[in-house]
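Take a look at the structure below.
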Amino acid sequence: MDFTLNEEQQLLKNSAERFVEQDYGFERRRDIIASPDGFDREVWAQMAELGWLGLPFSEEDGGYDGTPVETMILMEAIGCGLMVEPYLATVVLGGGLIAACGNADQKATILPQLIAGKMLLALAYAEPQSRFDPADIITTATKDGGGYLLNGHKAVVLNGGSADKIIFSARTSGDQRDQGGISLFIIDADAAGLKIKSYPTIDGLRAAEIELTNVAAEALGKIDDAYPAIEVVLDAGIAAIAAEAVGAMQVLHDDTLEYLKTRQQFGQAIGSFQVLQHRMVDIYIELEQARSAAVMATLRLTENDPEARCHALSAAKVQIGQASRFVGQNAVQLHGGIGMTDELKISHYFKRLTMITTQFGSADYHLDRMASATPQTNQEEI
Amino acid sequence: MDFNFSEQDLAFRQEVRDFMQHSLPEDLREIAEHGQHFRKEHFVRWQKILFERGWAAPSWPVEHGGPGWTPTQKYIFQEELGLSAAPMPPPFGTGMIGPVLIAFGNDAQKTEYLPRILNGDDWWCQGYSEPDSGSDLASLRTIAVLDEDHYVVNGQKIWTSYAQYADRMFCLVRTDDSVKPQAGISFLLIKMDTPGITLRPIISQDNDHTLNEVFFEDVRVPIKNLVGEAGQGWTYAKFLLGHERSSIGDIAGSKRSLTRLKKIAAAEISGGQPLSEDSAFSRKLIDLDVRLMILEVTQFRLLADEEAGNDIGPAASILKIKGSELSQLISETAVEAIGYYGMPYVHEAVQPGGNEHAVGPNYATGILPDYLFLRALSILGGTNEIQRNILAKTALRF
């Protein structure tokens, strides 16, 4: 058992933290969010140059053979800086599926471009009625000559407005909520019949509603059998935002602690009051527990047994959601009035953490997923 | 980063597991499985079995009869012990006074006491809390005045677990009230049959007798029973509280009680189906799983730290807080699970061998008494509020 980083990982951590600290100040982030793309292409190019976009991909695919630990390190830094560049959508989700399901030709066209920072991806899996169940799919794909035609509506597609290519899940057979009969498709963002309505999200990111009307599409991976791959990549998404949440919570923890020690009321620092000290200790404990959850999510991601992986990743998501809510709410509370403002960064971290609580499924959704991944206890003698 | 135990550690776990399976007497197993309470002879019998195997004191150095285990091996042993139905030996001997004597005792004390702790011949109790000195332990007022070659002890201790079983007590006494409170405390070893000592049982809310008041009236304690130096008692007491902290969260105990709870929930019927399949109750059970899994990772992170030779420091307070909360929550959920059969209380039924007195399903015996007694987990060893004070000071530097 070992929870230390190796030398290369430590270097990556240092460089990512330095980048956030020196090049991604909060005022710059404010400008970036207000820009037309909603993220900074210059920052993206820098991330490519630093090799970050190629971290999780195999050398064969042009990447650096990283493990989920490297993604964790980077996502934690992204959480610290509340960076809005589409790493999750492009590298973890989109890139993850191309690497897992793509044929040689698809990998060769997409991954080197992606790693060079020249191609952005998005993954369109949710639908207005699906809530958190990635198998609940109405969007259809019907055979049309050598290819497929897609019809349907995909909801809240992260980075949907900026992606060059979008991966869609669609039903090729089976009923609306069947896990079988689901397939993946790649479509260029400018394809005919694709209507993309991009909008800002409450946490400073961009997402899109996408309507598909007879859109010609190329299959990604095996027809009817995409669900396991989708589940794996969404679990990778959970591990990634778990680390992002830890980064964001660390900032809230540090800033709130600092505030308690400097803010004067009744002639003393408010941190001298035990009730506030204890609340701050609870923030500290939640952060440590969230760190454990992120580590667990990262290390269990490569678990061979899918049931064990689902179980661990869902457990991590439940914990991360609860911690995000607690730390976010209490950072605002302990800051008092100033915590409510747009001016202070506290509220921005709070907003991102609030959406992390929902992203990839709520606590109840994941508790139920764990129940179905747990072997039933038999009624033996107690 | 690596989440897994090494091959050697896994082999060690198997060895411990096999031992527990083969060496735990059947009658002890039955007591645990019926939710009944172990008595002195059960604890001592088990301690002697561990002693025969050389595993009586996991944390002691080899030269004093310890097994010479790494922190990970110690953890694995504690976990397997907790997962089994074996009595968890009370910590006072091997876990508390033993390490203090090894660190601060003189040779005569080591020779006299350590072997008898190891083989279970002596039962020790802890004389710390007093009626007016609970969380504020340093304010204690039991006084020891030197009279030639004896200390004369007067005062009172309270919440003394198993004093009724004890042969000896390690006791914090005030030997100097002219200095600041912490500096006037000494650490004395007192024979429980010394004239002037009287016990009064405290019956706890689970109707059981674990706790006691201990009164001292002109109790004469030979000066050779002073550990280390006079006035240094507070240092030794803190050392003792800092010892064995990595298993303080009792994750193994929670694992065992959660497994039991799941079986109960599968056996209980609600609305014509097993309670475990009720969607709201099932979420509660899984939520307990989540808490347990996360706490275990926190525990692993600490263990890896300890293994690397680092001071685990304030993090042990996290285990104490979260571990006790989890044990309490599992127990609270068990109360909910058994429904009406939480109500019958037949005192004989919770005593070893009292099975025929049980009312309702066998598993319901002991659930309520446990729930009541486990409220102590967030009080003993420094309340969870005191743990938060410690974290505020050490981790957050308020």
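Here is the naming used below: chain letters follow the sequence lines, and residue numbers restart at 1 for every chain. Worth knowing before you read on, the calculation uses all heavy atoms, side chains too, and leaves out hydrogens, waters and symmetry mates. All of these numbers come straight from a predicted model, not from anything done at the bench.
Among all heavy-atom pairs drawn from B/Ser327 and B/Leu377, the shortest one is CB-CD1, 3.5 Å. The two atoms that bring A/Pro56 and A/Thr71 nearest to each other are CB-OG1, 4.2 Å, heavy atoms only. Nearest heavy atoms, A/Gly361 versus A/Lys317: O-NZ, 3.0 Å. Across all their heavy atoms, B/Ala266 and B/Ser276 have their closest contact at CA-OG, 3.4 Å. For the residue pair B/Arg29 and B/Gln21, the shortest heavy atom distance occurs at NH2-O, 3.2 Å.
Note on A/Met296, A/Met1, A/Arg291: by heavy-atom pairs under 4.5 Å with chain B, the leading option is A/Met1. Highest contact tally toward chain A, considering only B/Leu295, B/Ile294, B/Asn389, is held by B/Ile294 [criterion: heavy-atom pairs under 4.5 Å]. Options A/Asp368, A/Asn6, A/Thr298, A/Val295 differ in how many heavy-atom pairs under 4.5 Å they form with chain B, and the most are formed by A/Asp368.
Looking at B/Gln8, B/Arg13, B/Glu307 one by one, the single match for side-chain hydrogen bond (donor to acceptor under 3.5 Å, both in side chains) with B/Thr72 turns out to be B/Glu307.
Both the backbone and the side chain of B/Glu385 come within contact range of chain A, judged by heavy atoms closer than 4.5 Å. When heavy atoms are compared at a cutoff of 4.5 Å, A/Arg300 approaches chain B solely by way of its side chain, counted from C-beta outward. Using a 4.5 Å cut-off between heavy atoms, B/Thr298 contacts chain A through both its backbone and its side chain. Heavy atoms of B/Lys322 lying under 4.5 Å from chain A belong exclusively to its side chain. Only the side chain of A/Glu286 comes within less than 4.5 Å of a heavy atom in chain B; its backbone stays farther off.
Ring geometry for B/Phe5 against B/Tyr75 counts as parallel: the plane angle stays under 30°, on a 0 to 90° scale with 60° as the upper cut.
Look at B/Arg291 and B/Asp287 and you find a salt bridge, because one of the NZ, NE, NH1 or NH2 atoms lies within 4.0 Å of a carboxylate O, short of that distance. Residues A/Asp364 and B/Arg283 are paired through a salt bridge, judged by an N-O separation under 4.0 Å between the basic side chain and the carboxylate.
With 3.5 Å as the limit, one finds a donor-acceptor pair spanning the side chains of A/Glu70 and A/Thr67. Looking at A/Thr357 and A/Arg325, their side chains never bring a donor and an acceptor atom within 3.5 Å of each other.
In this structure, the separation between CZ on A/Phe3 and CZ on B/Arg301 is 8.0 Å, given to the nearest 0.5 Å.
Among residues 234-253 of chain A, the residues having any heavy atom closer than 4.5 Å to a heavy atom of chain B are, in sequence order, A/His253. By a heavy-atom distance cut of under 4.5 Å, A/Gly271, A/Gln274 are the residues of residues 263-276 of chain A near chain B, going up by number.
Here A/Tyr87 and A/Trp52 keep their ring centres 6.0 angstrom or further from each other.
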